[in-house]
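First up is the structure itself, then whatever we jot down about it.
Side chains included, hydrogens not; waters and symmetry mates left out as well; all remaining heavy atoms used. All residue numbers in this chain count up from 1 along the given sequence.
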Amino acid sequence: MSAKRARLDRFISQKCQIPRKQVRVILARGRVSVDGLVVRDADYQIDQFSHVMLDGQSLRQELPIYLMLHKPVGVVSATKDSEHKTVMDLLPEYQGKGLHIVGRLDLNTSGLLLLTNDSRWSKRIMSPENKVAKQYLVTLKAPLTQAYVKAFAEGFYFAYENITTSPAHLEILDSHLARVTLYEGRYHQIKRMFGRFRNQVMALHRLSVGEIRLDDTLPVGEHRALSADEVATISATA
């Protein structure tokens, strides 16, 4: 079942292979509970994480999964690829769990990658209206100047798509090192923005998404579950 909500009677009918008329009788007798509460309403809406029980037996309980992965360079943000190792190859225990990637990273970009089976949560992150900040560490080939800071704050016009990028924050950390915060995610956006200065991006590393920061203790290629507080930061702010 996807994150779309569904009628309780329809779900039970399909799951148990019985007519919906019979399901309504079962519901009326109080034999069904959802998330621990008896439900008699056939129109009751459930989602992919609702725990549905009939006569004390679980019909379906899918738990939400929220992961952070320290993505290495050279790994593709995809579930399958014929040429390169994918992020799912780094997560063999989660094969078949319905995970999807929240904000892909390029092959040669490293850092924080979020994965989940909760599409409502990921949509809150990716929705342009919510303007969830993504922060990157960028290593450049040529030295940086204050002109970069002004240009990033004003936005760049890309004629091919006929769009102007939203204001971004650039902080110069060293002559060839910057921290960039974006509030949108366009194709190769950071590389193209620095390309306006004919300055090649040598390394790109994502530090954070919203309030979720890459765990400093997490080795490259490893993952961990997000804490409840980390998950809630997205729910609360987006």
Side-chain angles (χ1 to χ4, degrees), residues 2-3 47-49 61-81 84-139 168-171 173 177-191 201-238:
S2 70
D47 61 31
Q48 72 183 105
F49 302 123
Q61 183 180 26
E62 183 178 350
L63 298 177
I65 300 169
Y66 308 97
L67 302 177
M68 75 161 58
L69 171 71
H70 190 163
K71 179 190 171 299
V73 170
V75 173
V76 179
S77 294
T79 54
K80 292 182 180 179
D81 190 273
H84 302 96
K85 179 182 287 188
T86 72
V87 294
M88 290 309 299
D89 291 328
L90 301 176
L91 303 165
E93 67 270 42
Y94 289 98
Q95 296 287 347
K97 298 291 186 180
L99 294 183
H100 60 271
I101 298 161
V102 187
R104 298 173 184 272
L105 293 177
D106 297 337
L107 177 68
N108 294 317
T109 301
S110 61
L112 175 64
L113 192 65
L114 300 176
L115 299 99
T116 184
N117 60 348
D118 185 350
S119 60
R120 290 171 300 177
W121 187 78
S122 59
K123 284 177 182 176
R124 286 195 287 270
I125 294 175
M126 300 308 298
S127 174
E129 291 80 14
N130 291 330
K131 297 181 179 179
V132 175
K134 289 91 175 175
Q135 195 172 85
Y136 300 81
L137 196 63
V138 192
T139 305
H169 180 73
L170 184 147
E171 179 185 359
L173 302 177
L177 186 67
R179 182 162 47 223
V180 174
T181 304
L182 299 181
Y183 298 91
E184 60 184 349
R186 301 188 181 276
Y187 180 71
H188 289 314
Q189 183 172 345
I190 289 180
K191 293 178 180 178
V201 172
M202 305 303 292
L204 186 58
H205 181 80
R206 184 152 68 193
L207 298 168
S208 63
V209 174
E211 298 298 318
I212 303 173
R213 297 194 63 82
L214 180 62
D215 192 330
D216 291 336
T217 66
L218 192 63
V220 176
E222 296 298 319
H223 67 278
R224 71 161 172 82
L226 296 184
S227 69
D229 287 343
E230 287 170 328
V231 173
T233 61
I234 298 298
S235 301
T237 60

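There is no side-chain donor-acceptor pair under 3.5 Å between Asn117 and His100. With hydrogens and angles left out, the side-chain atoms of Thr116 and Asp118 include no donor and acceptor closer than 3.5 Å. In this model, no donor atom of one side chain and acceptor atom of the other lie less than 3.5 Å apart for His205 and Gln135.
The shortest distance between side-chain heavy atoms of Leu115 and Leu91 falls below 4.5 Å. No side-chain heavy atom of Val201 sits less than 4.5 Å from a side-chain heavy atom of Thr139. Residues Val87 and Leu69 are in side-chain contact: their nearest non-hydrogen atoms beyond the backbone lie under 4.5 Å apart. With contacts defined as side-chain heavy-atom distances shorter than 4.5 Å, the pair Leu67/Leu114 does not qualify. Proximity of Leu90 to His223: side-chain heavy atoms (C-beta onward) are nowhere separated by under 4.5 Å. In this structure the side chain of Asn108 never reaches within 4.5 angstrom of the side chain of Asp106, judged on heavy atoms.
For Trp121 (side chain) and Val231 (main-chain N/O), a donor-acceptor pair under 3.5 Å exists by modelled atom type. Under the 3.5 Å distance criterion, the side-chain polar atoms of Lys80 are left unmatched by any main-chain donor or acceptor of Ala78. Looking only at distances, a side-chain donor or acceptor of Asp47 sits under 3.5 Å from a matching main-chain atom of Phe49. At distances below 3.5 Å, at least one donor-acceptor pair connects side-chain atoms of Gln95 with backbone N or O atoms of Met88. Under the 3.5 Å distance criterion, the side-chain polar atoms of His70 are matched with a main-chain donor or acceptor of Leu218. With Lys71 contributing its side chain and Thr109 its backbone, the two residues share a donor-acceptor pair below 3.5 Å. Checked by atom type and distance alone, the side chain of Ser77 pairs as donor or acceptor with a backbone atom of Leu105 at under 3.5 Å.
Salt-bridge check for Arg224 with Glu230: passed, with a basic side-chain N closer than 4.0 Å to an acidic carboxylate O.
Aromatic rings from His169 and Tyr183 are positioned such that their centres are separated by 6.0 Å or more.
Heavy atoms from other residues, nucleotides or ligands lying under 6.0 Å from NZ of Lys97 number 12 at most.
Between Ile125 and Lys134, the shortest heavy-atom contact is O-NZ, 3.5 Å. In terms of heavy atoms, Met68 sits closest to Arg213 at CE-O, 3.3 Å. Listed here is the closest heavy atom pair of Gly103 and Leu113: O-CD1, 3.3 Å. Taking both residues in full, the closest heavy atoms of Glu184 and Arg186 are given as OE1-NE, 3.2 Å, listed atom of the first, atom of the second, then distance.
The distance from the CZ atom of Arg124 to the OG atom of Ser119 is 9.5 Å, given to the nearest 0.5 Å.
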Assess the residue pair Ser227 and Asp229 against the criterion (side-chain hydrogen bond (donor to acceptor under 3.5 Å, both in side chains)); give the C-alpha distance rounded to whole Å, side-chain angles, the decisive distance to 0.1 Å, and a yes or no. CA-CA 5 Å; Ser227 69; Asp229 287 343; 5.2 Å; no
Could you walk me through whether Leu207 and Arg179 pass side-chain contact (heavy atoms from CB on, under 4.5 Å), step by step? CA-CA 9 Å; Leu207 298 168; Arg179 182 162 47 223; 3.9 Å; yes
Show the numbers, then the answer: is there a side-chain contact (heavy atoms from CB on, under 4.5 Å) between His84 and Val75? CA-CA 6 Å; His84 302 96; Val75 173; over 6 Å; no
Where do Ile212 and Ile234 land on the side-chain contact (heavy atoms from CB on, under 4.5 Å) test, with the steps shown first? CA-CA 8 Å; Ile212 303 173; Ile234 298 298; 3.9 Å; yes
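For Thr79, there are no side chain to side chain donor-acceptor pair (under 3.5 Å) partners two or more places apart in sequence or in a different chain.
The side-chain contact (heavy atoms from CB on, under 4.5 Å) with Leu137 is formed by just one residue from the set Leu204, Leu173, Val180; it is Leu173.
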